[in-house]
Amino acid sequence: MTSLLELTETQRAAVHHAVEVIRQEIEPIAAQLDDRDEFPEATIRGLAQHDLLAVPLPPVYGGAGHDFVTYLSVLEEMAKASCSIAATVDAHTTMVSLPILRFGEKQQRERYLRRLASGEVLGAFAVTEPDVGSDIAGIATTAVRDGDRYILNGAKALIANANHADLFVVAAKTAPDRGMLGISVFVIEKGTPGFRPSGERKRTLGMRATDLGGLVFEDASVRRENLLGRENFGFKILHETLVADRAATASIALGVAEAAQKHSVAYAKKREQFGKPIAQFESIKRLLADMEVSISAARLLAREAARVLESGSDATRIASIAKLFASEMATRVTKDAIQIHGGWGYTRDYPVERFFRDAKYSELVDGTSEIQRLLIADEIIKRRT
Ligand SMILES: Cc1cc2nc3c(=O)[nH]c(=O)nc-3n(C[C@H](O)[C@H](O)[C@H](O)COP(=O)(O)OP(=O)(O)OC[C@H]3O[C@@H](n4cnc5c(N)ncnc54)[C@H](O)[C@@H]3O)c2cc1C
C-alpha cells in the first residue's frame, strides 16, 4: 500500500519546480521583507511567470492544472521560506481564483481567471469587518438591489492584499434579516465608484510582508454581473472557500514548523555548552522529538485534507481538524525552536523568532481555534445522532 505522503512523479516534479523558484525568488528576501514591513508586490506578481499564482487552475485559464495535493505542498514549501508570501498567494488563489472557477458564470471565469493566473490582477477575499469576525452571519455590509445594479455600503477590516489587490471577492448582506442565508458574494474590481481601500496598512506581530488593510464601500455601485453565484447563495460559497482555505492554512502552518525544526536541529548539533553539542542533552532531545512527532501528525492530517478536497467529498471535518492541529502545533514548535536557540533565538540573528511571530497567524484566520473546535464538535454531534 502506498503511503498517504507519497507523491506521484508529476506531483513531485511540480513541487520540485516550485522549490527551485522559492529558493531563487523568495528565500533570499524573506528576512529583509519582514524587517522592513515590506509587501513584495513585484515578486508576488512575478511568481505568475512560474505558474505559482495558479497552481490548481486549469490550463484553459492559464493555470498549471495541478491537483490540491500538489498545490498545498507548494504552499507548504513556500511557507518554509516566507509565511507571508505563502499566505498572500493562498488568499489570491484559494479565496479568489478558486471560488470564481467553482461558482462563477462562464463570462466571469473568462473575464477574470486568466488575469488572476498571469498576475495582471491580484485578488483579495473580504468577509471580516471592524465589528464582525467569527460571527460571519452578523456582517453589516449591505448590498441593496437597484434595477440591474447593487449598491454596497459598509466596511471590511483585516483583509490580506487590501491595498494592492485589483479584484475583491466580497461578502455582503442582500437579506439582512436572514443571517447566513441573507449573504451574497460579489466580485468587485478596483476603481469601482464608491469602493476603495481604507488606505491604512496594519502593523502586525508577524506576517509583516503581508498587506493587511481595510476596505470602504460608500454607495459603491456594481452590476448584477458582479454577483458570484445566486443572490443569498453566499453561505455555500463562503463555506466551501473557507473549508479549502483551512486545508491551505494547515499546510502553511506545517511549512513554517518544518522550517523551525530544520533550523533547530542544525543549531542543536552545532551549539556546544558544557563541552558538548546541546543536541546531546536530554531536554533538548525531548523538544526535538516532540517537534518530530507533532509535525509528522500534522503532515498526515494536512495531506488527508488535501486528498479529500481533491476527491470532491465533504472536507469540512478534516479541514478543520488539520487546520486546528497544524496551527497550534506550529505555534508550539516555533516557540520551542526559540528555546533551543536560547537567548540567540530571541534575536533577529536567527529566523526562528520570525517563524514564531508568523506561525501565530494560523490560529486566527479562517475561523480561530475556538471556532474550529465548535465546527469539529458540531460534525461529531451530527454524525452520532
Ligand atoms: C494575518 C491575518 C490575515 C487575515 N486575512 C483575512 C482576509 O484575507 N479576509 C478576511 O475576511 N479576514 C481576514 N482576517 C481576519 C480573520 O479571519 C479574523 O481575525 C478572524 O475570523 C477572527 O475574527 P476577529 O478577529 O474579529 O475575532 P472575534 O470574532 O472578535 O473573536 C475574539 C475571540 O473570541 C473568540 N470567539 C468568538 N466567537 C466565539 C464562540 N462562539 N465561541 C468561543 N469563542 C469565540 C475567538 O476565538 C477569539 O478568541 C485576517 C486576520 C489576520 C490576523
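First listed ligand is number 1; within each ligand, the first listed atom is number 1. When a residue number appears, it is its place in the shown sequence, counting from 1. Heavy-atom basis, side chains included; hydrogens, waters and symmetry copies ignored.
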(request) Classify the ring geometry between Y267 and Y350 as parallel (under 30°), tilted (30 to 60°) or perpendicular (over 60°). (result) perpendicular
(message) Between R145 and E231, does any NZ, NE, NH1 or NH2 come within less than 4.0 Å of an OD or OE carboxylate oxygen?
(response) yes
(request) Answer yes or no: is there a side-chain heavy-atom contact under 4.5 Å between Y112 and E189? (result) yes
(message) Do F186 and F168 have side chains that approach each other closer than 4.5 Å (heavy atoms only, starting at C-beta)?
(response) no
(message) With a 4.0 Å cut-off on N to O distance, would you call R203 and D37 a salt bridge?
(response) yes
(message) For E282, is there an ion pair with K285 - N to carboxylate O distance below 4.0 angstrom?
(response) no
(request) Indicate whether atom 15 (C) of ligand 1 is within a distance of less than 4.0 angstrom of some protein heavy atom. (result) yes
(request) Check each heavy atom of L212 against ligand 1 and say whether those closer than 4.0 Å belong to the side chain, the backbone, both or neither. (result) side chain
(message) I'd like to know if R307 and E304 make a salt bridge, using a cut-off of under 4.0 Å between side-chain N and carboxylate O.
(response) yes
(request) Among all protein heavy atoms, pick the one closest to atom 19 (O) of ligand 1 and tell me residue, atom and distance. (result) L158 CD1, 3.7 Å
(request) Pick, from S134, C83, G133, the option with the minimum heavy-atom distance to atom 29 (O) of ligand 1. (result) S134
(message) Before we go on, tell me: are the rings of H164 and F39 under 6.0 Å apart, centre to centre?
(response) yes
(message) Quick test: of every protein heavy atom, which one is nearest to atom 1 (C) of ligand 1, and how far off is it to 0.1 Å?
(response) Y361 CD1, 3.9 Å
(request) Answer yes when E225 and R149 have at least one side-chain N-carboxylate O distance shorter than 4.0 Å, and no when they do not. (result) no
(message) Tell me the protein heavy atom at minimum distance from atom 12 (N) of ligand 1, and give that distance in Å.
(response) T128 OG1, 2.7 Å
(request) Report the part of T204 in contact with ligand 1, treating N, CA, C, O as backbone and CB onward as side chain, heavy atoms under 4.0 Å; options are side chain, backbone, both, neither. (result) neither
(message) Please determine whether the number of non-hydrogen atoms from other residues, nucleotides or ligands lying under 6.0 Å from atom CD of E272 exceeds 12.
(response) yes
(request) Indicate, with yes or no, if the rings of F125 and H92 have centres closer together than 6.0 Å. (result) no
(message) Heavy atom to atom 8 (O) of ligand 1, shortest distance: which of A124, A160, A126 holds it?
(response) A160
(message) For atom 5 (N) of ligand 1, is there a protein heavy atom at a distance under 4.0 Å?
(response) yes
(request) Report the part of T368 (side chain from C-beta onward, or backbone N, CA, C, O) that has a heavy atom under 4.0 Å from ligand 1; answer both or neither where that applies. (result) side chain
(message) Checking the N or O distance criterion of under 3.5 Å, is ligand 1 in contact with V365?
(response) no
(request) State whether any protein heavy atom lies less than 4.0 Å from atom 34 (O) of ligand 1. (result) no
(request) Provide, to 0.1 Å, the distance between atom 20 (C) of ligand 1 and the closest protein heavy atom, together with that atom's residue and name. (result) L364 O, 3.3 Å
(request) If you have a sec, work out which protein heavy atom is nearest atom 39 (C) of ligand 1 and how many Å separate them, to one decimal? (result) I371 CD1, 3.9 Å
(message) With a cutoff of 4.0 Å, is T210 in contact with ligand 1, counting heavy atoms of the residue only?
(response) no
(message) Between ligand 1 and E370, is the shortest N or O to N or O distance under 3.5 Å?
(response) yes
(message) How far is atom 42 (N) of ligand 1 from the closest protein heavy atom, and which atom is that?
(response) L374 CD1, 3.7 Å
(message) For atom 9 (N) of ligand 1, what is the closest protein heavy atom, and at what distance to 0.1 Å?
(response) F125 O, 2.8 Å
